[in-house]
Structure formats: structure tokens, C-alpha cells
Amino acid sequence: MKARVTKQCMGDRNCNKLCPEVFKYDEDQLLSVVQYDMIPEKYEDLVRQAAAECGADAIEIEE
Ligand code: SF4
């Protein structure tokens with residue numbers, strides 16, 4: 001699975017709280033960024049949850 005955060009991110013950091021291993025907040029770009037090219041299997045469910053919960057619909061997943 002791959003994931004990315006689009007420019008639609010509004011920076012509320014919900015994904016960072018949900019899965020800090022995958023999502024980090026970039027203070028320069030003012031949006032969250034994904035730390036992995038391929039998401040480790042153990043984090044996949046959390047990444048799906050983060051995408052579902054993202055109020056800005058900014059997390060794109062490629063299964
Ligand atoms: S949950 Fe969505 S809007 Fe909030 S920081 Fe993460 S990607 Fe951005």
C-alpha cells in the first residue's frame with residue numbers, strides 16, 4: 001500500500017495522533033507528510049482509518 005497527503009491538508013494533525021509512525025507534521029509546508037514509500041503492513045489499518053477520518057479528505061491511498 002502507498003499513501004500520500006495532498007495540499008488539501010488543513011493541518012489539524014489527527015493523522016499524526018492516530019499513527020505517528022507514518023504521519024509527521026511538516027512545519028515548513030504546513031501539512032502532514034507520509035514517512036514511507038510503502039506503508040508497512042502493520043500500519044495499513046491505521047492508515048486506512050486516518051484516511052477515512054481526515055476531515056479534509058487529504059489522504060490518498062493506493063492499495
Ligand atoms: S488528518 Fe487530514 S487534514 Fe488532518 S493533518 Fe492529517 S492529512 Fe491533514
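When a ligand or atom number is given, it counts from 1 through the structure's own listing order. Please read all numbers here as calculations on a predicted model, not as lab measurements.
By the criterion of a heavy-atom distance under 4.0 Å, both the backbone and the side chain of Met10 are placed next to ligand 1. By the criterion of a heavy-atom distance under 4.0 Å, the side chain of Ser32, and not its backbone, is placed next to ligand 1.
For atom 7 (S) of ligand 1, the closest non-hydrogen atom of the protein is Ile59 CG1, 3.7 Å. Of all protein heavy atoms, the one lying nearest to atom 2 (Fe) of ligand 1 is Cys54 SG, 2.3 Å.
When the shell of 6.0 Å around CG of Asp26 is examined, it contains more than 12 heavy atoms from other residues, nucleotides or ligands. Within a 6.0 Å radius of CD in Glu63, more than 12 heavy atoms belonging to other residues, nucleotides or ligands are found.
There is a path of hydrophobic side-chain contacts, each under 4.5 Å, that joins Val5 to Tyr36.
Atoms of ligand 1 lying under 4.0 Å from at least one heavy atom of Arg13, given by number and element, are 4 (Fe), 5 (S). Near Cys9, meaning under 4.0 Å from one of its heavy atoms, ligand 1 places the atoms 3 (S), 5 (S), 7 (S), 8 (Fe). Atoms of ligand 1 found under 4.0 Å from any heavy atom of Cys15, numbered from 1 in the order shown, are 1 (S), 5 (S), 6 (Fe), 7 (S). Listed by atom number, the atoms of ligand 1 under 4.0 Å from Asp12 heavy atoms are 1 (S), 3 (S), 4 (Fe), 5 (S).
Residue contact annotation: Leu31 has no non-hydrogen atom under 4.0 Å from ligand 1.
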> Given the rule in the side-chain contact (heavy atoms from CB on, under 4.5 Å) test, do Val33 and Phe23 qualify, once you have shown the distances and angles that lead to the verdict?
Replying inline: CA-CA 6 Å; Val33 288; Phe23 298 99; over 6 Å; no
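Of the options Cys9, Cys54, Ser32, a side-chain contact (heavy atoms from CB on, under 4.5 Å) to Cys15 is made by Ser32 and by none of the others.
Using modelled atom types, one side-chain atom of Gln8 and one backbone atom of Ala56 make a donor-acceptor pair closer than 3.5 Å.
Under the 4.5 Å side-chain criterion, counting only non-hydrogen atoms from C-beta, Met38 is in contact with Lys2.
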